[in-house]
Amino acid sequence: MSPLDEEKRREIGQHFVFGFHGHDVSSDIERLIREYYVGNVILMKRNVQSLQQVRDLVAKLQKIAKDAGHSTPLMIGTDQENGLVSAFSAEMAGTQFPGAMAIAASQSTDLAEQVSLASAKELRLAGISWAYSPVCDVNSDPRNPVIGVRSFGDDPYEAAKYAAAVSRGLTSGGVAPSSKHFPGHGDTHVDSHLDLPRIYKIQEQLSATELIPFERLIKDEIATIMTGHMALPLIVGDDTPSSLSRMITTDLLRSKLGYKGVVVTDCLEMEAVAIKYGSEGGAVLSLQAGADIAMICHRIDRQVGALEATYRAINEGKLLMDDIVRSGDRIKQLKQKFTGSWEETFDRLGHLDLAVLSQMKEANAQLSRTAYAASTALMTQEKGTLPLAKDGLVLVFTPQVERINLAVDDADGVLRDKNGRLRNTAGPSYLAFARSVSDRVRADHIVYGPSTELPEGLKAASGIIFATRNAHTSVWQLEYLRRVRTAYSSLPMVLVTTCAPYDFMDARDLRSLPVLATFEFTVPALQAATEVIFGERLPTGRAPVSTHFLAN
């Protein structure tokens with residue numbers, strides 16, 4: 001087998017987006033850019049400390065690429081959906097804005113577009129040119145473990161409206177959006193990080209729900225679309241993941257729906273692909289299926305292996321170089337629009353005006369407060385319970401933090417001491433929630449778990465705030481709530497669902513209690529709920545799903 005010449009290897013490198021570890025350039029990512037000519041990089045939360053640090057990191061990456069002879073700058077992407085999946089949101093980096101379901105609860109597509117534009121300006125200032133957002137999945141299954149509040153809701157037409165608003169905001173801010181996860185990850189209760197979801201729908205059913213948001217964004221000429229790792233056996237005829245299926249990527253997305261932009265896969269290290277095909281085999285299959293860019297986020301051995309496997313596929317005629325070059329033209333057009341020339345790229349990464357940055361951050365902080373205030377929803381109300389009085393003792397119950405999924409989970413979940421022992425299972429968001437309450441009234445914070453005993457000696461309490469997080473799947477939370485309600489039956493009690501708004505849909509015995517929904521357990525979302533609980537403002541949000549308990 002003859003080795004591919006440099007020109008071909010340079011072209012192939014443009015068809016991958018790779019991640020790496022660390023807050024500075026690692027030897028792995030430098031090697032991939034210099035030796036394998038990789039043209040796109042994804043930054044994860046693990047790479048982000050501050051906006052200035054990311055600017056410096058991106059500048060180094062771009063210089064490495066230029067010095068290595070790349071004809072175009074790198075596309076630098078990140079998972080910035082806002083809400084729970086906000087890789088760039090950190091105290092010294094990007095502003096925390098509401099995620100999809102929270103912003104849809106505001107009932108304002110204008111606000112969704114404003115938030116996305118503000119987010120895009122921050123990303124652009126840091127040198128990031130690609131956001132893997134908006135989520136176009138219609139959350140049809142309340143048990144969905146990986147989408148949930150990352151979706152705009154369970155109405156495909158409403159989801160399409162908000163996805164289009166987010167896409168407009170990102171695009172006008174100079175950041176390429178990427179609608180995901182085509183052709184739809186909402187109607188399943190299997191997490192593709194862990195296994196292969198199978199969605200048993202025929203074409204007509206898919207067209208009636210899942211495809212509607214994508215069709216809207218294709219009409220709007222969205223820059224990129226991300227394919228997902230779910231199987232559609234009634235359409236494809238087997239269990240091939242959609243990201244690896246030519247019938248889905250080329251026949252459906254390109255030919256039937258007419259999409260002409262860049263197609264990128266979800267990370268090929270997810271077990272829905274890796275178990276059967278390996279990330280390396282998945283990369284080749286995704287390019288054969290018609291994807292323009294294959295994504296591998298974590299391991300250098302898989303990244304190099306995918307490139308080498310692609311070289312072999314070209315040499316063996318399993319991938320046609322002509323097809324790769326035609327696909328590369330789409331990538332060049334994407335880069336021309338969102339990165340520009342080398343001169344433009346380095347100009348943007350030059351001097352940072354700290355006064356301008358400060359003004360932008362202040363304005364964005366206010367926009368974030370406005371957006372979160374508009375998102376809090378009162379799902380049911382017991383007359384006379386709200387607001388809670390700002391006197392006496394309020395008990396604040398928050399659940400032990402459990403894993404949600406690999407898209408959301410990070411170090412926020414568990415706090416350990418220097419010996420690795422669990423020392424607190426509240427998580428920073430719930431600790432901040434308890435502090436927010438204690439700023440207004442004397443409060444005791446109780447972190448409850450499946451085996452937690454009821455607190456003793458607190459009969460003098462004047463009220464209870466009880467938070468749940470996906471209690472519709474972690475039913476021990478409802479069981480503990482019933483014990484608390486029995487023990488403190490005379491006290492006013494407010495329930496706060498801090499993630500998916502489905503927690504009480506089957507708990508008929510709890511429907512008389514007032515329930516607030518925040519749609520995410522971020523600090524500002526819980527702060528906004530506290531303001532409602534104590535009567536500082538009214539809840540104006542509305543749950544954008546019809547399968548919560550109010551439907552009865």
Side-chain angles (χ1 to χ4, degrees), residues 19 23 42-51 53-54 76-106 111-135 137 146-152 162-163 165-167 169-170 173 175-181 193 226 266-267 297 360-361 364-365 367-372 375 401 404-413 427-430 432 469 498-500 518-528:
H23 296 129
I42 178 172
L43 299 183
M44 315 289 283
K45 185 173 285 191
R46 65 186 181 227
N47 302 119
V48 175
Q49 285 181 311
S50 69
L51 190 147
Q53 168 263 329
V54 172
I76 307 291
T78 195
D79 262 328
Q80 188 67 17
E81 301 171 13
N82 291 322
L84 296 180
V85 181
S86 298
F88 188 64
S89 297
E91 185 177 356
M92 300 298 292
T95 304
Q96 179 68 64
F97 287 112
M101 195 170 287
I103 202 68
S106 76
L111 191 56
E113 186 169 350
Q114 290 173 43
V115 161
S116 297
L117 174 59
S119 211
K121 288 179 178 179
E122 292 182 348
L123 293 171
R124 185 80 169 175
L125 200 59
I128 296 171
S129 50
W130 197 2
Y132 304 116
S133 175
V135 172
D137 305 308
V146 68
I147 303 301
V149 296
R150 297 169 63 198
S151 165
F152 293 104
Y162 284 95
V166 168
S167 179
L170 290 170
V175 171
S178 189
S179 57
K180 61 186 185 185
H181 307 80
H193 291 90
M226 178 181 287
D266 205 346
C267 180
C297 297
M360 182 183 72
K361 293 293 288 183
N364 288 355
L367 177 61
S368 173
R369 288 190 291 271
T370 298
Y372 275 109
S375 70
V401 174
I404 295 184
N405 60 66
L406 292 175
V408 171
D409 295 327
D410 57 35
D412 184 60
S429 296
Y430 291 125
R469 191 177 91 158
T498 66
C499 200
T518 64
F519 308 101
E520 59 189 55
F521 49 92
T522 55
V523 171
L526 298 177
Q527 170 69 35

Does the pair Lys180/Asp79 count as a salt bridge with the N-to-O cut at 4.0 Å? yes

Donor-acceptor contact below 3.5 Å, side chain Ser151 vs main chain Asp137: yes

Please report the interatomic distance CE(Met101) to CD1(Ile147), rounded to the nearest 0.5 Å. 10.5 Å

Evaluate Ser133 against Val166 for side chain to side chain contact (heavy atoms under 4.5 Å, CB included), listing each step before the verdict. CA-CA 8 Å; Ser133 175; Val166 168; 3.8 Å; yes

Closest non-hydrogen atom pair between Ala93 and Val48, with its separation: CB-CG1, 3.7 Å

Which atom names give the shortest non-hydrogen contact between Ile103 and Pro98, and what distance separates them? N-CB, 4.1 Å

Under the criterion side chain to side chain contact (heavy atoms under 4.5 Å, CB included), I'd like the reasoning laid out for Ser178 against Leu170: C-alpha separation, chi angles, the key distance, then a yes or no. CA-CA 10 Å; Ser178 189; Leu170 290 170; over 6 Å; no

Pair Tyr372-Ser106, side-chain donor/acceptor within less than 3.5 Å: no

Distance-only donor-acceptor check, side chains Thr78 and Gln80, under 3.5 Å: no

Please evaluate residues Lys45 and Phe88 with respect to the criterion side chain to side chain contact (heavy atoms under 4.5 Å, CB included), reporting the C-alpha separation (whole Å), side-chain torsions for both, the decisive distance (0.1 Å), and the verdict. CA-CA 6 Å; Lys45 185 173 285 191; Phe88 188 64; over 6 Å; no

When rounded to the nearest 0.5 angstrom, what distance separates OG1 in Thr498 from CZ in Phe519? 11.5 Å

By ring-ring contact (aromatic ring centres under 6.0 Å, His included), Tyr132 pairs with (sequence neighbours left out) Trp130

Taking atom types as modelled, find out whether Ser86 and Glu81 have a side-chain donor-acceptor pair closer than 3.5 angstrom. no

Under the side chain to side chain contact (heavy atoms under 4.5 Å, CB included) rule, what do Arg150 and Glu520 come out as? Steps first, then yes or no, please. CA-CA 9 Å; Arg150 297 169 63 198; Glu520 59 189 55; over 6 Å; no

Output the distance between atom SG (Cys297) and atom CD1 (Ile42), rounded to the nearest 0.5 Å. 4.0 Å

Do you know the tightest heavy-atom contact between Ser167 and Pro177? OG-CG, 3.5 Å

For the residue pair Asn47 / His23, report whether a side-chain donor-acceptor contact shorter than 3.5 Å exists. no

Heavy atoms only: give me the nearest Val523-Ser429 pair and the separation to one decimal. CG2-CA, 3.9 Å

Any donor-acceptor pair under 3.5 Å linking the side chain of Thr95 with the backbone of Ala365? no

Nearest heavy-atom neighbours spanning Gly83 and Gln96: O-NE2, 3.0 Å

Of all heavy-atom pairs linking Ala131 and Leu123, the shortest is CB-CD1, 4.2 Å

Hey, is the main chain of Ser50 close enough, under 3.5 Å, to the side chain of Gln53 for a donor-acceptor pair? yes

Considering only heavy atoms from C-beta outward, does the side chain of Phe97 approach that of Pro524 to under 4.5 Å? no

Tabulate below the donor-acceptor pairs under 3.5 Å that side-chain atoms of residues 111-121 make, not counting sequence neighbours, or state none.
residue, atom, partner, partner atom, Å
Glu113, OE1, Arg168, NE, 3.1
Glu113, OE1, Arg168, NH2, 3.2
Ser116, OG, Ala112, O, 3.1
Ser119, OG, Asn82, OD1, 3.4

Distance from Phe521 atom CZ to Leu526 atom CG, nearest 0.5 Å? 9.0 Å

